Protein chains: 2
Amino acid sequence: MTTSTKREAQAQERRNQLIDVARRLFAEKGMERTSIRDIADAAGVAPGLIYHYFENKDALFWAIIERHNPLAEMTALFAQAETLPVREFMLLAATRGYALMGERQDLLRIVFHEALSRPEMLQRIRVLQQMGIALLVGYLNGRIAAGELRPHNAEATARMLVGSILALRLTGAPAEPYITDIIDNLLCGVAAP
Amino acid sequence: MTTSTKREAQAQERRNQLIDVARRLFAEKGMERTSIRDIADAAGVAPGLIYHYFENKDALFWAIIERHNPLAEMTALFAQAETLPVREFMLLAATRGYALMGERQDLLRIVFHEALSRPEMLQRIRVLQQMGIALLVGYLNGRIAAGELRPHNAEATARMLVGSILALRLTGAPAEPYITDIIDNLLCGVAAP
DNA sequence: CCTCGATGATTGAACGATCATTCAATGGAA
DNA sequence: TTCCATTGAATGATCGTTCAATCATCGAGG
């Protein structure tokens, strides 16, 4: 058994601290406007220490990104899809999606900011978005097969739902009454009968 | 009449060239990752010349932003709203919105990138988005009053439409068949009858 | 038509500041 | 004593911006 578990725990704690501080500052100011000295000052350490834990500034950036993979939460959400009526589930999915974006606001800001100039970041977002859309499309097609939704292009509907919730979050709009209205609009349409 | 119109025209042409080159590079790499020397090299001039036309790098940035105000195009679009049935107009509005975002892709990238770290840029976007949503809400309320749409929260519908089109553009999805499906979903809903 | 002074466009190295990263030295824990 | 965490100034590079000098254009006067 390793002989330095206390020391290793302390190192891990320091590493996590540096990631947390960097995430907060990157979210506030953007990566380029945040210097290694800014991060060191905010963490109360010397700039050189950062290079003990991370090869370079870019490695620190990716350590922040690696910290969170939302796919587990997304698939967990769909685990209970079968137990709820369509409207209830879509309300739940939209509300949980909105809430998750809120909890991960720092990370979202960093990710969107860097995606605009880092092709590898954009690629990573595209993969995740594709997976998210696929989960939703699978659910919608199941509901169509069960006769609960009319036959239609489930992918367009999935994109509408995700786009609408993302737009609420990006514009700083509150969840309600918008989410309920959006789901009702999506299910019933807005045309006069 | 001014005596140096040829010289003034040349100066204006140079100024426009610098703005165009800067816009392209800012869109590709982001503002911080684009140096004054990058812009000068791409324009084929010396770095000092940029300061003949712009007080500083930030002034050049705002000159790019000032170059375009989409509100004129947005209001022009609504000028013909009355002449079309609801579905036709909404298809037109969505298609034109998608196309405008495509034409202004460079500017959108710059604007979204800088909005994440410049409160004044975010504020400017918020105002514009508020105006756009207001135009759409006004139109939808008119259609509700005319009995063509059922009574509902027009703002939620406006946000759905804008969010859906924005998400198509951000994810690199093609306009069709999505726009037609989205408009039909929005009008008729996806619930089984 | 030519010359010359005025004016604005342009150059590109220098300047002061800041950056990311390195590293020899130090301190504390094992 | 060994090992790892930590320090913080130094290093080389790059940044935005300045500025004295140069070049090209323009208009007035002869």
Side-chain angles (χ1 to χ4, degrees), chain A residues 1-26 28-65 110 113-114 117-118, chain B residues 1-26 28-65 110 113-114 117-118 120-121:
Chain A
M1 178 53 60
T2 184
T3 54
S4 268
T5 50
K6 191 178 173 195
R7 217 184 202 188
E8 281 172 356
Q10 189 181 341
Q12 191 56 41
E13 184 178 333
R14 176 65 88 194
R15 188 176 193 275
N16 286 340
Q17 183 209 6
L18 292 174
I19 288 173
D20 286 344
V21 169
R23 191 193 69 238
R24 178 168 61 78
L25 292 177
F26 285 171
E28 279 174 20
K29 313 202 286 185
M31 186 183 171
E32 292 97 353
R33 293 185 180 197
T34 303
S35 67
I36 289 290
R37 284 187 189 81
D38 288 337
I39 298 165
D41 286 348
V45 301
L49 183 60
I50 294 175
Y51 295 91
H52 178 71
Y53 293 100
F54 305 97
E55 185 177 1
N56 53 37
K57 193 182 182 187
D58 220 53
L60 173 54
F61 168 77
W62 282 109
I64 297 166
I65 304 302
I110 292 168
H113 194 280
E114 297 309 315
S117 49
R118 287 175 183 261
Chain B
M1 177 56 63
T2 183
T3 52
S4 264
T5 52
K6 191 174 173 202
R7 221 182 202 185
E8 281 172 357
Q10 189 181 341
Q12 191 58 40
E13 183 176 333
R14 175 67 88 193
R15 188 175 194 275
N16 287 339
Q17 183 209 7
L18 293 174
I19 288 174
D20 286 344
V21 169
R23 193 195 67 238
R24 178 169 60 79
L25 293 178
F26 285 170
E28 278 174 20
K29 314 202 281 187
M31 186 184 171
E32 292 98 352
R33 293 185 180 196
T34 303
S35 67
I36 288 291
R37 282 180 190 82
D38 289 336
I39 298 165
D41 286 347
V45 300
L49 182 60
I50 294 174
Y51 294 91
H52 179 70
Y53 292 99
F54 305 97
E55 186 176 0
N56 51 38
K57 193 182 184 187
D58 222 53
L60 172 53
F61 168 78
W62 283 109
I64 297 167
I65 303 302
I110 293 169
H113 193 283
E114 298 310 313
S117 49
R118 286 173 182 260
E120 70 271 34
M121 187 81 254

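In what follows, chains are A, B, ... by sequence order, proteins preceding strands, each numbered from 1. Small disclaimer: the values here were computed from a predicted structure and weren't measured. Values below: every heavy atom of this structure, side chains too, minus hydrogens, waters and symmetry copies.
- Regarding B:Ile39, its CD1 atom lies at a distance of 11 Å from the P atom of D:dC15, rounded to whole Å.
- Here D:dA5 presents its P atom at 14 Å from CD of A:Gln17, a figure rounded to the nearest Å.
- Shortest non-hydrogen contact noted between A:Ala40 and A:Ala46 is CB-C, 3.9 Å.
- Distances shown here put a side-chain N or O of A:Tyr51 below 4.0 Å from the OP1 or OP2 atom of C:dT21.
- Distance CD1 (A:Ile36) to P (D:dT7): 14 Å, rounded to an integer number of Å.
- With rounding to whole Å, B:Lys57 atom NZ is found 16 Å from C:dT18 atom P.
- Legend: residues meeting side-chain contact (heavy atoms from CB on, under 4.5 Å) with B:Gln10, ordered by chain and number and at least two apart, are absent.
- Listed by first then second residue, pairs satisfying side chain to side chain donor-acceptor pair (under 3.5 Å) with a partner in residues 37-46 of chain A read A:Lys29-A:Asp38, A:Ser35-A:Asp38, not counting sequence neighbours.
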ask   = Nucleotide by nucleotide, 5' to 3', does protein get under 4.0 Å of the base (B), only the sugar-phosphate (S), or neither (-) in nucleotides 5-14 of chain C, counting heavy atoms?
value = --BBSBBB-B

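- Remark: P of C:dA20 and CG of A:Asp38 are 8 Å apart, rounded to the nearest angstrom.
- Rounded to an integer number of Å, the gap from CG of A:Asp41 to P of C:dT18 is 13 Å.
- For the salt bridge (Lys or Arg N to Asp or Glu O under 4.0 Å) test, residues two or more places apart in sequence or in another chain that qualify with A:Arg24 are A:Glu28.
- In this structure B:Ala43 satisfies the side-chain contact (heavy atoms from CB on, under 4.5 Å) test together with B:Gln17, B:Leu18, B:Val21, B:Val45, sequence neighbours excluded.
- When rounded to the nearest whole Å, the span between CZ of A:Phe61 and P of C:dC19 equals 19 Å.
- Among residues at least two apart or in separate chains, side chain to side chain donor-acceptor pair (under 3.5 Å) pairs with a member in residues 46-65 of chain A are A:Asp58-A:Arg118.
- Rounded to a whole Å, the CD atom of A:Glu55 is 13 Å from the P atom of C:dC23.
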